[in-house]
Structure formats: C-alpha cells, structure tokens
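So that the names make sense, note that chain A is the first sequence line, chain B the second, and so on, each numbered from 1. These numbers come from the heavy atoms of this one structure, side chains and all, not from hydrogens, waters or symmetry mates. Everything numeric in this text was worked out from a predicted model, so none of it was measured.
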Protein chains: 2
Amino acid sequence: MKKNNEITNKLFQNFKEKGYRLTTPRKAILLLLSKTDDHPSVEELYFDIHKNYPSIGMTTVYRTLDLLVSWNVVHKFDFGEGRSRYELIDHPNGLGHHHHLICCNCKSIINYTDLIDKEVELIAKLEKRLSKRYDFEINSHVIEFYGLCKNCR
Amino acid sequence: MKKNNEITNKLFQNFKEKGYRLTTPRKAILLLLSKTDDHPSVEELYFDIHKNYPSIGMTTVYRTLDLLVSWNVVHKFDFGEGRSRYELIDHPNGLGHHHHLICCNCKSIINYTDLIDKEVELIAKLEKRLSKRYDFEINSHVIEFYGLCKNCR
DNA sequence: TTTGCTGCAAATACTTTGCAGCGTT
DNA sequence: AACGCTGCAAAGTATTTGCAGCAAA
C-alpha cells in the first residue's frame with residue numbers, strides 16, 4: 001500500500017511539527033478518511049474503526065478529529081443534519097480539492113471537482129485580495145451550492 | 001418604515017404560495033433578521049424577540065426558522081460553534097449578497113461583499129454548468145474562507 | 001369552524017468533560 | 001519515568017417532540 005505510506009509519512013511530519021504523537025486511533029482515522037471520497041460522520045467513523053480496533057471509543061474519535069481539524073489536516077463540515085462530517089483537506093487519492101452541491105431536501109451531497117483553470121485562478125486572486133484587505137491568513141476555502149437534487153425536484 | 005412593508009409584502013406572498021400563515025412570531029423574526037447584517041443564533045433571536053413579545057417561546061423560534069429555511073427565505077449556517085446561525089437570503093437592507101471569512105481559532109466572522117463583476121459572472125456560469133451537469137436546481141451558494149484573523153495569528 | 005400554529009415541559013441527540021489508567025517516547 | 005493520550009461514564013448543550021390550547025382565515 002504505497003498510498004498508506006505516503007499518508008503516514010505526511011501526517012507523521014505534521015505530528016512531529018506540532019509535538020503530537022502518531023497513535024493507533026489517529027492512524028486508523030486518517031487511513032479511513034484517505035480511503036473514501038465521502039464525508040463520514042463521527043458515528044460512521046467510529047463504527048468502521050470499531051471493526052478493526054474494538055477498543056477505540058467514540059470519545060477518542062471526537063477528540064482525534066478535533067485535533068486533526070485544529071492542525072488543518074481535516075475539515076469539519078456541517079450540512080445541516082445536526083451532526084458534523086469530516087474530510088481530509090489534502091486528499092491523497094488524486095481526488096484533490098473539491099466542493100459540494102447540497103440538497104436542501106434530502107441532504108444528499110454531490111462532490112464536484114470541475115473547477116476550470118479560470119475559476120481556480122480567480123479564487124486564488126480573491127484569496128490574496130481578501131487576505132491583504134482584512135489581514136487574515138487564509139488556510140482553506142469552501143464553495144457550496146444549495147438547492148434540490150434530481151430526485152427531490 | 002417602507003422597508004418593513006417591502007419585506008412583509010414579499011414574505012406574505014411566499015407564505016400564501018406555500019399555504020402558511022403570517023403570524024406574529026414570523027413577522028418578528030423576519031424583521032429582526034432584516035435589521036441586522038449579523039448572523040444571529042436561535043438564542044440571540046429569542047432574547048431579542050422576547051423584549052417585544054414576551055410570550056414567544058424558544059420552540060417557536062426554532063420551528064419558525066426551520067420553516068423559513070425550508071422555504072429558502074433564510075439560510076442556516078454552522079460556523080463550527082456547536083450552534084446554528086441564521087441569515088436572510090435576500091437581504092433587503094442593500095447589504096445584498098455576501099460571504100464569510102471565518103477564524104478557526106476565535107470563530108469570529110468577517111462579512112465581505114467585494115466580489116467583483118468577473119467573479120459574480122464566473123459563479124453564475126459555474127452554477128449554470130453544475131446545474132445542467134448534475135440535474136440539480138441551485139437556489140443559493142456559499143463561499144467561505146477559513147483561517148486565522150488578525151488577532152489570532 | 002377548521003386548520004394548523006404555539007407554548008410548555010419532557011425527551012432526544014450530539015458532543016464534551018472528569019478522572020484514573022495506560023502506552024509512547 | 002514522564003508526558004499526555006485513552007476509555008468509560010456522567011454531564012452539558014442544542015434541538016426536537018407530545019399534547020393541549022389558541023389564533024387566523
């Protein structure tokens with residue numbers, strides 16, 4: 001599993017830099033997140049992890065995710081379901097950066113990656129402009145479109 | 001108060017179309033939301049409303065907001081504080097459409113309105129493209145930048 | 001009069017915290 | 001050995017629901 005090693009190495013460095021340790025629950029969560037293009041909730045992550053590591057509790061999943069979010073490794077989303085969902089910021093699966101179409105009715109989420117060059121460039125410019133104007137260090141961005149999906153119209 | 005009448009008229013139509021009634025709590029919430037460029041939480045709305053209408057309870061605020069959200073009159077945000085925040089989608093105060101810079105540390109929010117023409121145009125194109133591609137009816141969009149504000153860097 | 005919105009209180013769901021124990025470094 | 005992560009159970013907080021009463025059309 002070349003990819004797993006890549007992830008491990010990358011995150012291992014993050015951890016070292018921040019002074020945190022690479023523990024079993026963290027490895028498990030990061031590997032799970034790196035294997036999906038979905039946005040798992042805490043509960044979903046917990047159940048999956050539990051299959052392989054029955055001793056890891058829900059609390060640890062919460063705490064680990066909080067840390068990963070604070071390190072800018074993971075982004076925490078709220079799509080209005082009353083629970084949070086999580087996603088790797090730098091996804092290693094070639095999925096890369098993507099955004100969301102969110103159905104207001106059934107809460108289904110479509111990932112889209114088709115931001116053309118012009119758009120990417122424009123977002124970069126906007127980021128630079130806002131950053132300077134508001135003296136704000138921008139780490140990540142989110143573009144979401146809300147509406148009704150095919151089935152709910 | 002011309003503006004209040006405009007809002008009332010506009011929403012009154014929405015209500016009629018949807019078959020819902022224009023009640024005191026709804027008027028109160030809509031007027032409050034139309035008077036601020038902030039993103040009040042349920043609790044904040046409740047306290048404000050309570051000053052003028054002591055009989056309106058928190059439950060009603062929740063329920064009313066849910067309805068307004070489902071009618072696409074109000075957008076529900078979650079900035080990661082563990083509570084939701086609300087904002088009129090078509091703000092009548094000339095504030096117009098805006099987006100957010102969100103500080104990951106102190107959770108402060110900066111509104112920015114300076115999307116230049118090129119950007120607006122581009123978002124419109126993107127919307128059209130996505131809409132067609134995914135057979136998705138887009139009603140609103142959100143562009144958020146996450147990072148560290150002036151004070152938290 | 002009828003429909004369906006309101007309010008209170010209780011219930012629910014998600015998330016956080018206290019504290020003792022354990023694993024890494 | 002020391003530091004600080006981990007798990008369980010309990011606590012906390014935001015949000016939802018049941019049900020009787022009431023208001024608007």
If we only count heavy atoms from C-beta on, is the [X] to [Y] side-chain gap below 4.5 Å?
X	Y	answer
A:H141	A:L126	no
B:F79	B:K107	no
B:W71	B:I89	no
B:D78	B:K76	no
B:I138	A:L101	yes

For nucleotides 19-23 of chain C, print each protein N/O atom paired with a nucleotide N/O atom at under 3.5 Å, atom names and distance only.
from, atom 1, to, atom 2, distance (Å)
C:dG23, N2, A:R21, NH1, 2.7

What is the distance from [atom1] of [X] to [atom2] of [N], rounded to the nearest Å?
X	N	atom1	atom2	result
B:Y53	C:dT6	OH	P	13 Å
B:E81	C:dT16	CD	P	13 Å
A:R26	C:dT24	CZ	P	12 Å
A:Y46	C:dC14	OH	C1'	15 Å
B:I49	C:dT6	CD1	P	11 Å
B:L22	C:dG4	CG	P	17 Å
B:I56	D:dC22	CD1	C1'	14 Å

- Message: Side-chain heavy atoms nearer than 4.5 Å, only ILVMFWY residues, links allowed to pass through others: does that put B:L148 and A:L67 together?
- Response: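 Result: no, two separate clusters.
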- Item | Partner set under side-chain hydrogen bond (donor to acceptor under 3.5 Å, both in side chains) for A:K51, not counting sequence neighbours |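 Once residues adjacent in sequence are excluded, the partners of A:K51 under the side-chain hydrogen bond (donor to acceptor under 3.5 Å, both in side chains) criterion are A:D48.
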- Item | A:R85/A:E44 ion pair, N-O < 4.0 Å |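 Between A:E44 and A:R85 there is a salt bridge, with a charged N closer than 4.0 Å to a carboxylate O.
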- Does the side chain of A:E87 come under 3.5 Å of the side chain of A:H75 through a donor N or O and an acceptor N or O? no
Using nucleotides 14-16 of chain D, report all nitrogen or oxygen pairs with the protein that are shorter than 3.5 Å.
from, atom 1, to, atom 2, distance (Å)
D:dA14, OP1, B:R83, NH2, 3.3
D:dT15, OP1, B:S84, N, 3.0
D:dT15, OP1, B:S84, OG, 3.2
D:dT15, OP2, B:Y62, OH, 2.6
D:dT15, O5', B:Y62, OH, 3.2

- Task: Using only side-chain N and O atoms of B:T23, determine if any of them is under 4.0 Å from OP1 or OP2 of D:dA23.
- Result: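 So the side-chain polar atoms of B:T23 never come under 4.0 Å of the phosphate oxygens OP1 or OP2 of D:dA23.
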